Novice: 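Before anything else, here's the structure in question.
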Amino acid sequence: MAEKLVTSEGLFTMVEKLLGRAQVTAPREENGIAVFGPVNSAGQVELDGPLPVIPEKSVVFPQSETLLRMDLGGEVPKVEAVEPEGEQVILGVRPCGLQAFARLDRVFLEGAFVDPQYRRRRDHTLIIALTCPTVKRSCFCRAFGYGPSDGSGADLQLTRLPGGSFHLETLTERGGEFVAEMEKEGIAGLTDAGAEAGSAARAEKARVERLAERSAAAVSTEGVVEGLDGMYDDPYWAQLAERCISCGICTYLCPTCHCFDICEKARGPEAERYRCWDTCLFSNYTLMAGGANPRPTVRERLRNRLYHKLNFFNHRYGEFLCVGCGRCVEHCPTNIDIRKVMAKAAARSRAQGVSVNG
Amino acid sequence: MPVNESAAAEAEMMTEAEMTTDGASGAGADAGTGTWEPRIVAFCCNWCSYAGADLAGTSRKQYPANIRIVRVPCSGRINPQYILRAFQRGADGVMVAGCHPGDCHYTTGNYYTRRRFSVVQRFLEYVGLHPDRFSGHWISGSEGEKFVQTAREFTEKVRSLGPNEKMRDVL
Amino acid sequence: MGRSEAAARPEAAVSDAGPAAGLYLPSPATIQEVRLETGAADVRTFKVTLDGQEIGKDFIYRPGQCAMVSVFGVGEVMLSLSSSPTWTTHLEFSVKNAGKVTSTMHGLAPGARLGVRGPLGNWFPYESLQGKDLLFVGGGIGLAPLRSLINYVIDNRDRYGKVEIIYGARSPQDLCFKSEIFETWPKAPDTEVFVTVDRGDADWKGKEGFVPAYLEELAPSPVGKVAVICGPPIMIKFVLQGLEKLGYSDEQVITTLEMRMKCGVGKCGRCNIGHKYVCVDGPVFNLAQLRALKGEFV
Amino acid sequence: MSEAIKTAAPVEGEPMPAELKTAEIPTRRGPAPGDPEFLGALRDCCRSLLAEGHVQRIIAYRETPDSLRPEVAFFASPEETGDLVWDLFCNTNICKYLLDYRTFEGRIGVVVKGCDARGVVQLINDMQIPRDKVEIIGICCPGQIDPAKVESAAGEAWVSRVVAGPDSVEIVTEEGTEMRVPLESVLTDRCLSCRKPNPPVADVVFGEDQKGRISDEVFEQIAELERMSSAERDAFWNRHFERCIRCFACRNVCPACSCTKCVFDQQEPDWLAGERNQANQHFFQITRAVHVSGRCTGCEECDRVCPVGIPLRLMNKKLWKDVKDLFDSPLPGTKLGVRSPLVMWDPKDADSFE
């Protein structure tokens with residue numbers, strides 16, 4: 001599809017234009033931390049920073065959102081479903097974020113039950129991806145069959161070129177419409193990408209892909225699912241859980257963790273039902289009224305999370321629910337590393353293979 | 001000024017569960033009338049300050065109807081969470097009132113309150129609550145007049161600040 | 001009790017799509033009657049109609065299915081439908097007072113409004129059970145989901161073989177559905193009901209003892225039979241052992257599970273057992289299926 | 001503790017344990033981190049504690065392939081201590097794990113820095129674990145390195161290992177390139193203003209007392225906030241609280257958060273609603289901070305683990321400053337047998353009631 005070249009100033013102007021017509025979410029810096037969050041001026045957008053801590057998912061699956069609005073004052077309760085409104089743009093989505101959207105799509109959109117909230121947000125979100133400017137040691141995207149320049153799933157893809165300009169690729173019709181609209185507005189600094197810019201972009205992509213090669217050697221998904229199939233009751237989980245402090249960092253920073261709670265908020269005759277992020281690492285998560293808890297200790301809860309990422313989702317949807325973004329690796333207060341769990345499972349799988357064959 | 005002579009008489013000791021529902025703050029007051037009236041929650045200890053409020057009522061001294069009393073067994077029972085909850089559910093100001101130092105029904109409860117209150121008061125101010133929205137008072141059972149005065153002054157102070165938005169969690 | 005041909009054959013019209021537009025929007029419902037089940041008043045059965053909807057036509061369900069029931073302003077809980085789909089005048093939910101929503105429900109009177117989202121989940125394999133003998137083993141409120149199938153079978157009596165029901169509760173006060181276990185079901189053709197209580201009282205003339213022990217004593221043969229069980233985890237554990245001893249295969253044992261649920265449609269994530277979600281893949285599983293899953297249950 | 005402070009009359013049946021009344025003076029001292037003998041001596045110490053049955057478990061750190069991120073480890077036998085490690089990347093405060101051993105029959109050894117040791121003392125003072133159940137293996141801490149700062153200093157290259165000197169560190173990349181940066185440029189934020197790097201109480205100590213880094217930066221920031229208007233402070237905290245994802249890591253790592261059932265986990269009444277709005281964020285943040293005030297040891301582990309960079313230290317240290325000003329009590333965790341100033345009183349206390 002079409003390739004454009006846009007200067008930093010041109011991109012700045014484009015964001016300013018967007019702000020008038022859509023909610024723009026982009027990486028920005030807060031107290032030294034990069035997060036994906038709503039921006040209200042183009043100046044807040046920080047595309048050169050590290051992988052934002054707060055993942056992209058909040059754009060289509062906000063931390064909390066209203067499902068129903070209720071008026072209980074009358075004889076008959078008036079209850080209505082609340083539909084999200086407006087248009088959204090998410091700028092600077094990394095390839096791991098794109099992969100995560102694809103996983104979330106399967107959960108919320110596949111099968112008989114289509115989630116109306118997610119559907120509405122997804123349909124009204126323009127995704128502008130960003131080729132990763134660098135690859136951290138905690139990144140392991142290559143293990144999952146894609147790399148830091150893979151824009152699949154985005155409407156548009158930006159690649160920062162050595163000179164400071166961006167190469168802008170349109171990947172979908174919606175992306176093309178957006179670029180056409182911007183051209184009509186006459187954005188200074190937005191031009192067709194010449195052959196030079198095109199090859200510079202390809203070179204930059206090749207460069208970051210080479211950087212990612214380093215992780216490919218260290219982490220592999222081979223045998224992970226099979227290995228975990230056979231180690232559900234392994235003492236390993238208790239050892240891992242001994243260290244786990246049962247906080248929600250790994251789940252809340254995970255771009256694919258999608259579990260939620262549904263709660264009621266009543267004020268006088270009016271009430272709302274909303275959903276909010278929840279995590280299987282909290283003890284309340286499976287605690288039933290009456291006090292029974294099928295996952296009473298950290299061991300069961302941590303195991304459930306790791307299996308969901310590396311085994312359960314595969315059995316249900318045929319792919320991993322981990323996309324290798326490395327947020328949990330980097331931010332776990334006690335350095336629990338999902339890559340080590342993968343290695344352990346792979347080793348188990350190899351051992352099983354040996355025992356079966358020999 | 002609307003009066004509420006029976007507010008104290010109607011106040012009941014609340015359970016934590018009740019305190020987390022609407023009742024504590026009296027949310028919804030004056031809705032729709034167009035004139036804004038501050039809503040004030042007063043946590044009063046059962047033995048002194050509540051008795052003081054009661055005395056004000058029985059001796060027909062008027063205090064503003066803006067005051068909603070939550071009766072607690074001792075000012076030492078006032079968990080800082082209660083104060084936050086009152087602001088969440090719509091209070092524009094919160095008063096804490098207990099027996100004078102040395103007069104606690106439970107001997108020392110209000111000494112603990114005093115320490116905790118000093119810390120919490122400074123901290124609420126630090127996180128951006130206007131200092132005039134939260135105050136503590138020693139009011140004995142015989143100080144009906146002081147209760148009335150305090151209630152009036154506090155109400156006027158809060159009125160001049162306008163509605164509180166900090167921490168408010170209404171629909 | 002009104003019965004229609006359509007409802008007797010729910011498979012004729014059922015759609016698996018479920019509620020599409022407002023996935024989280026409940027249908028309005030009204031409580032018609034509240035029946036106290038237990039002496040301690042901790043279980044009540046709610047007779048519920050759906051406002052403007054005909055049961056068996058607009059709301060088609062099968063025995064063993066569940067629904068999310070809303071008490072507006074308080075919350076929503078997953079409840080199994082304890083009525084039989086052959087009844088077309090109303091739905092029934094038998095509810096133990098356990099949490100915030102259920103305790104509020106217990107305070108509601110006829111005329112109160114609820115919301116119902118469903119039917120949800122799978123069902124007892126009532127088609128493939130045809131022609132087979134059935135053994136029901138229930139404990140306490142665990143009889144509620146079984147009751148749906150028991151009444152369905154009794155209403156379609158000629159299609160099923162012999163029915164045996166073993167039911168127990170802690171005390172005579174705690175027995176649910178007393179008119180059915182003592183009157184309706186024993187009178188049904190080729191149906192036997194065995195009731196036991198952990199500890200009787202002065203008026204109790206019946207059996208005393210735990211359900212697993214009674215099962216062992218009665219020793220129902222596994223030949224041509226399927227056991228359908230539901231009850232507290234500790235009872236399930238020992239009943240499963242008992243059935244295994246009696247020679248029941250894992251495929252011959254069916255149970256229905258309970259997990260904490262929020263969405264009921266496989267999104268919120270909390271009711272998984274291994275890679276299955278109890279809300280959409282369950283609540284009904286046979287033992288062979290459960291053993292193949294990794295996860296915490298029973 | 002000042003003479004003016006009186007503890008409340010001891011509650012009947014709840015006397016302070018006698019052994020808490022005096023701080024213990026360490027009798028053994030080992031080589032300092034940085035000394036080539038250090039790690040061997042530390043391992044020997046842990047090995048013999050286990051071998052001689054003085055402890056049945058040791059909570060410390062273990063080497064991992066990522067040398068910037070050693071993991072917390074639980075050693076049950078002397079044979080396991082071979083990969084026990086202590087270097088400048090042992091950031092995790094391990095004292096909180098003692099709570100998992102409340103019912104453990106046996107003694108537990110903990111390898112602790114100054115900040116961690118205060119947490120241990122605070123847990124003892126809060127009567128979460130008896131003093132005689134814990135063997136405190138203290139290390140006079142030269143300051144810990146923030147792996148993120150090292151990685152950022154190395155740029156695109158991956159860090160293979162870091163060799164720390166007294167004033168600078170050498171960063172060696174996977175490609176074999178070496179670079180030297182000043183130690184202070186890669187120390188964690190909390191270490192840059194650490195005044196108490198030495199364990200206040202220990203059974204054995206490694207290294208000589210460290211001076212720490214005296215910095216008033218945090219208190220200057222607090223003073224700056226105090227000078228702001230209400231509205232400015234409101235905006236400041238709204239901006240930070242907005243980011244809170246409610247992961248509870250700050251609570252879960254905190255040695256002062258020792259309740260068996262936390263108010264935030266309570267379901268009935270549900271004090272903290274799940275909705276992420278400013279009201280609930282404030283409720284969470286203020287309640288957490290106030291609840292640990294008077295018992296917060298200033299280890300800043302909460303600040304370190306907060307994934308979204310909420311300056312929790314600006315709350316904790318403000319509360320500590322006020323508590324100290326008002327009641328003149330020692331920093332929690334620096335002395336055995338001290339009760340939280342907020343569970344004590346004095347008739348002469350400052351009175352802000354009207």
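Keep in mind it's a predicted model, so treat the numbers as computed, not measured. We name chains A, B, ... by the order of the sequence lines, and we start the count at 1 in each one.
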Novice: Does a side-chain heavy-atom distance below 4.5 Å link C/Phe72 with A/Arg273?
Specialist: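 They are in contact (side-chain heavy atoms under 4.5 Å apart), so the answer is yes.
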Novice: What part of C/Asp51 gets closer than 4.5 Å to chain A, counting heavy atoms only: side chain, backbone, both or neither?
Specialist: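 Neither part; nothing is under 4.5 Å.
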Novice: Identify which part of C/Ser70 has an atom lying under 4.5 Å from any heavy atom of chain A, answering side chain, backbone, both or neither.
Specialist: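 Both parts, backbone and side chain.
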Novice: How are the rings of C/His275 and A/His315 set to each other: parallel, tilted or perpendicular (split at 30° and 60°)?
Specialist: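 Ring orientation of C/His275 relative to A/His315: tilted.
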Novice: Do you know the tightest heavy-atom contact between C/Tyr24 and A/Pro116?
Specialist: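 The pair with the smallest heavy-atom distance is CE1-CD, 4.1 Å.
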Novice: So if I take each residue of residues 107-115 of chain C and look for any heavy atom under 4.5 Å from a heavy atom in chain A, which residues do I end up with?
Specialist: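 The residues closer than 4.5 Å to chain A, in numerical order, are C/Arg113.
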Novice: Just checking A/Gln239: does its CD atom have more than 12 heavy atoms from other residues, nucleotides or ligands closer to it than 6.0 angstrom?
Specialist: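 Yes.
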Novice: Take a 6.0 Å sphere around CZ of A/Arg120 and say whether it holds more than 12 heavy atoms from other residues, nucleotides or ligands.
Specialist: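 Yes, because the 6.0 Å sphere around CZ of A/Arg120 holds more than 12 heavy atoms from other groups.
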Novice: What option among A/Ala271, A/Gly290, A/Cys259 has the most heavy-atom pairs under 4.5 Å with chain C?
Specialist: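 Result: the option with the highest number of such pairs is A/Cys259.
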Novice: With a cut-off of 6.0 Å (strictly less than), are more than 12 heavy atoms of other residues, nucleotides or ligands near CZ of A/Phe144?
Specialist: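 Count over threshold, so yes.
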Novice: Got a second to check how far A/Leu67's CG is from C/Glu76's CD, nearest 0.5 Å?
Specialist: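 Between atom CG of A/Leu67 and atom CD of C/Glu76 there are 9.0 Å.
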Novice: Can any side-chain N or O of C/Arg270 pair as donor or acceptor with the backbone N or O of A/Thr286 at less than 3.5 Å?
Specialist: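 Side chain of C/Arg270 to backbone of A/Thr286: no pair is present.
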Novice: Between A/Glu83, A/Glu264, A/Met70, which shows the greatest number of heavy-atom pairs under 4.5 Å with chain C?
Specialist: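 Ranked by contacts with chain C, first place is A/Glu264.
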Novice: Pick whichever of C/Gly269, C/Ala98, C/Cys268, C/Cys271 has the most heavy-atom pairs under 4.5 Å with chain A.
Specialist: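 If we count pairs closer than 4.5 Å to chain A, C/Cys268 comes out on top.
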Novice: Heavy-atom distance under 4.5 Å to chain C: side chain of A/Phe260, backbone, both or neither?
Specialist: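 The answer is both parts of A/Phe260.
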Novice: If I measure from the heavy atoms of chain C, does A/Leu321 come under 4.5 Å with its side chain, its backbone, both, or neither?
Specialist: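 Neither part.
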Novice: One pair to check against side-chain contact (heavy atoms from CB on, under 4.5 Å): C/Leu23 and A/Arg119. What are the steps and the verdict?
Specialist: CA-CA 11 Å; C/Leu23 190 59; A/Arg119 175 86 270 169; over 6 Å; no
Novice: Could you state the interatomic distance from NZ (C/Lys267) to CG (A/Leu104), rounded to the nearest 0.5 Å?
Specialist: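 So the gap between those two atoms works out to 11.5 Å.
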Novice: Compare every heavy atom of A/Leu68 with every heavy atom of C/Pro26, then report the nearest pair and how far apart it is.
Specialist: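 Residues C/Pro26 and A/Leu68, closest heavy atoms: CD-CD1, 3.7 Å.
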Novice: Please determine whether the number of non-hydrogen atoms from other residues, nucleotides or ligands lying under 6.0 Å from atom CD of C/Glu251 exceeds 12.
Specialist: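 Counting neighbours around CD of C/Glu251, more than 12 heavy atoms of other residues, nucleotides or ligands fall under 6.0 Å, so yes.
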Novice: Quick one: what part of A/Asp278 sits under 4.5 Å from any heavy atom of chain C, side chain, backbone, both or neither?
Specialist: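 For A/Asp278, the side chain is the part near chain C, not the backbone.
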Novice: Show the nearest heavy-atom pair for residues A/Arg316 and C/Asp281, with the distance to one decimal.
Specialist: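 Distance-wise, the nearest heavy atoms are NH1-OD2, 2.6 Å.
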Novice: Which atoms of A/Leu72 come close to chain C, meaning under 4.5 Å heavy atom to heavy atom: side chain ones, backbone ones, both, or neither?
Specialist: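 Answer is side chain: those atoms of A/Leu72 sit under 4.5 Å from chain C.
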Novice: In Å, rounded to the nearest 0.5 Å, how long is the span from CZ of A/Phe113 to CG of C/Leu120?
Specialist: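 Nearest 0.5 Å value for the CZ-CG distance: 5.5 Å.
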Novice: Which region of A/Asn314, side chain (C-beta onward) or backbone (N, CA, C, O), has a non-hydrogen atom less than 4.5 Å from a non-hydrogen atom of chain C, or is it both or neither?
Specialist: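 For A/Asn314, there is no contact with chain C at all, as no heavy atom is under 4.5 Å.
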Novice: Could you state the interatomic distance from OH (C/Tyr277) to CZ (A/Phe312), rounded to the nearest 0.5 Å?
Specialist: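 So the OH of C/Tyr277 and the CZ of A/Phe312 are separated by 9.5 Å.
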Novice: Donor-acceptor pair, distance only, cut-off 3.5 Å: does the side chain of A/Arg275 make one with the backbone of C/Lys262?
Specialist: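 No: the side chain of A/Arg275 does not pair with the backbone of C/Lys262.
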Novice: With a 4.5 angstrom heavy-atom cut-off, is it the side chain or the backbone of A/Glu80 that approaches chain C, or both, or neither?
Specialist: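 Looking at A/Glu80, just its backbone touches chain C.
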Novice: Mind checking whether A/Ile262 and C/Met68 have side chains closer than 4.5 Å, heavy atoms only?
Specialist: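 No, side chains not in contact.
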Novice: Could you tell me which portion of C/Val280 (side chain, backbone, both or neither) has an atom closer than 4.5 angstrom to a non-hydrogen atom of chain A?
Specialist: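 Only the side chain of C/Val280 comes within 4.5 Å of chain A.
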